[in-house]
Each structure stands twice: as structure tokens, then as C-alpha cells.
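Down below is the structure, laid out as C-alpha cells.
Below, each value reflects all heavy atoms present in this structure, side chains not excepted, and no hydrogens, waters or symmetry copies. Throughout, a chain's letter reflects where its sequence line sits, starting with A, and its residues are numbered from 1.
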There are 2 protein chains.
Amino acid sequence: MTTTPNTPAHAAHSERLRRLRLRVTPQRLFVLEALDALGGHVTAEAIMRWTARHYPAINLATIYRTLDLLVSVGLVAQTDLGGGAATFELVGDVPHHHLVCERCGTVTELDDALLAALREQVLRSYGFRAHSRHIALFGICRGCLAAEAPALLDRDTHHEHTR
Amino acid sequence: MTTTPNTPAHAAHSERLRRLRLRVTPQRLFVLEALDALGGHVTAEAIMRWTARHYPAINLATIYRTLDLLVSVGLVAQTDLGGGAATFELVGDVPHHHLVCERCGTVTELDDALLAALREQVLRSYGFRAHSRHIALFGICRGCLAAEAPALLDRDTHHEHTR
DNA sequence: ATCGCTGCAAAAGTTTTGCAGTCGC
DNA sequence: GCGACTGCAAAACTTTTGCAGCGAT
């Protein structure tokens, strides 16, 4: 019944869990698989849907508990993009951050190198050690900037595409 | 019945609303007053409680709708600090950002000057115009760094003081 | 065999929405 | 008076939690 996933990444995930002395369960493997397959910026709900295709008995509460665990041991990063559901991504790739467009909701990844100087200064000035992940900058992306350039003084565009 | 607030800032808030061609209602004035009185990083719930002391009939839904409006016209900034309820603050003070400690939950304000260079570079490299507010960096604050400095290899400190 | 993990169901917490009445302009 | 705004109540969503049973080690 406990059908474990069977992909190349599978063994690596098992290994990582084992090395952290965490129990290797199909649910955890499937969550890691889903994060792999879906890429970054994945909601718990999305992981749920993806996993359910291979393991229908999976439960959302388990997804949350698993993500919580994986975040706490540093295998997964929780990224908050300003509303709705939180998103998650595997740690291990190149560190990066997020540019969140408040018009169209697009999330662009921002190389960590650009933030290195800032992090260092924040550490010096505030004694605050910022992550090399997790940072989100909100603003307007290139596409929306171009599209909205002419319209500068229009109010009443309130409840449009927010998120 | 419609007791309007009576503080020095009151007139200024009325004026700002009027200038934006928005209706001046006691609810809106009270929300602005609350943001003034409570300072930054205020949740809708907190605004609700503060306002209710002077205007018991206020409704949470109204608070949300009002905040939504004020954010959309730029009078208020919505700051997301990674979970629970969103927080709000008046725009108009010196632009600043937020250092969110993931251990103790403390939010420190970060001067905008430190981010100017980053914003400029993001604009050049990505065509992305970031706000001069709203940015949140997650990490560990000075106090918690000091406290946790000795403990480096302890796992199982999972579900402690998170938020 | 043990102890942690999971499924289920229910609760908690935040935010949104429909509708009817009210009030600012 | 008109149309926007508000209160109330209910719904929609995301996330957490208690408990009993199951399963990884």
C-alpha cells in the first residue's frame, strides 16, 4: 500500500532524510518529489494535488506537518509572497530571492549575489543576520511597468488583479 | 451617532481623504487615527480593538475594506511579515523596511537608504521597480544571535517560539 | 515493540462577500 | 436623492490540533 515514489531523485531524498535521522516515510518522499517536480513557489495545496495523483490517501494536514518539519531542518524554504497561501521550495539550489509583482503576481527570482552587500551591512549596522533566501521585494515588474506607463493618474483601478 | 474623532491629526486625515476624492466617513478617520496612534506593524484586529474603544459599532469587515482602499490609494502600506495576520502602517513617514526575527518575532525597522542601491540595481538588471517600503528580510536578530551562539548543533528545537 | 507519523475531523484564525439599510456629498 | 459605504452574517480559505490507529526503525 505504501507505494514509495520511483524517480531518480528518490534515493537522494531518502538519503537526506536518513542523514538527518528523520524517519523515511512515503509521504515525506512524495512532498520532496513534488517540490522537485513543481519547482519553486509551490503552495501546500499544489503539493497536495500533485502528490494525490500518486498517493491519493495523502492528507493536507500531513503536507503541512511535513513542510513544517522540512523547513525546520533546513531542507525546504518557506517563502511568503504577501498573501493567500505561503509557498515553499527546496533548498539546495543556488540561493535566490523573489521579486513579486503586485500587478500581475509574477514572481521572478533574484540572484543572491545582489543582496550579499546588503546582508553584510545589515549585519554590521543592526546585528541582524539575514537569510540567503526568503527575501521578497514587492513592486512592479517590467511588463506591467511598460503597460502602465501611460496610465499614471488613474485611481479607481482598485480591486483589479491583486495577487 | 457618527462621532468623528477629535485629535489634532484628524483634520489632516480628512484633508487627505478629501483630496483623493474619497468620502470622509468616521470609520475611515478612525482607522487612520488608529494607525497613527498605534504606530507601524498593526494588524486589522488591533485596529479593530483600538477603534472600538471610541466607536463600538465598528465592524471588522469595514476595517478590511477601508484598509484595502487606503492601500490602493497609497495612504497605507501593507506589510507582510510571514504569517498570521497582515500588518499595516501609515505611509508618509520616512520610508523604511523590516527585519523580521524568526526566533522571537521582533520587527526592526531598516532605513531605506541601505536599500537604495539594491533597488537601483534591480531596476537596471530586471526592469523591476521595487517599492521604497514593504521589503522584509527574515533572519535572526542581534539578541537571539547572542543567545543562540553557543547552541549550534541542536536540532529538535523545532516547534518553539515561531510567531 | 516502541514511538513517531499519519489520516480524519474539527477548530482556529484571517479575509472576503452578499445583501439591505444608511449616510456622505 | 443618488450612489457609495457600512453592519451583519455567512462563507471561503489557510493552517493548526486532538485523537486513535498505523508503520518505520
Given atom CD of A:E45 and atom C1' of D:dT14, what is their separation to the nearest angstrom? 10 Å
With a 4.5 Å limit on heavy-atom distance, are the side chains of A:L60 and A:E45 in contact? yes
A:V107 versus A:L99: any side-chain heavy-atom pair under 4.5 Å? no
Does the side chain of B:I135 come within less than 4.5 Å of B:D112's, by heavy atoms? no
Please report, rounded to the nearest Å, how far the P atom of D:dG23 is from the CD1 atom of A:I58. 14 Å
Rounded to whole angstrom units, what separation is found between the CG atom of B:D68 and the C1' atom of C:dT16? 10 Å
Within the structure shown, what part of the strands sits under 4.0 Å from B:L60 by heavy-atom distance: base, sugar-phosphate, or nothing? base
Spacing of A:L17 atom CG relative to C:dC5 atom P, expressed in whole Å: 11 Å
Could you check whether A:A61 gets within reach of a base, just the sugar-phosphate, or nothing at all, counting any heavy atom under 4.0 Å? base
When you measure from the side chain of A:R28 to the backbone of A:R23, do you find a donor-acceptor pair of N or O atoms at a distance under 3.5 Å? yes
Return the value, rounded to whole Å, for the distance between atom OH of A:Y55 and atom P of D:dG23. 9 Å
Establish, with yes or no, whether the OP1 or OP2 oxygen of C:dC5 is under 4.0 angstrom from a side-chain nitrogen or oxygen of A:R28. yes
Measuring from the side chain of B:T62 (C-beta onward, heavy atoms only), which nucleotide among D:dC5, C:dT15, D:dG7 has the closest atom? D:dG7
For B:Y64 and D:dC5, is the shortest distance between a side-chain N/O and OP1 or OP2 below 4.0 Å? no
How long is the line joining CD1 of A:I63 and P of C:dG7, in whole Å? 8 Å
Whole-Å distance separating the CZ atom of A:R65 from the C1' atom of C:dA9: 11 Å
Starting at CZ of B:F30 and ending at P of D:dT6, how long is that distance when rounded to a whole Å? 13 Å
Under 3.5 Å side-chain donor-acceptor pair for B:E33 and B:H54: no
Proximity to the side chain of A:A44 - top-ranked nucleotide from C:dT6, D:dG7, D:dT15: D:dT15
Phosphate contact (D:dG7 OP1 or OP2) by B:Q27 side-chain N/O below 4.0 Å: yes
Closest-nucleotide 5' rank along DNA chain C - winner of B:V24 and B:N59: B:N59
Taking for each residue the nucleotide of DNA chain C with the nearest heavy atom, is it B:T25 or A:T66 whose nucleotide lies nearer the 5' end? A:T66
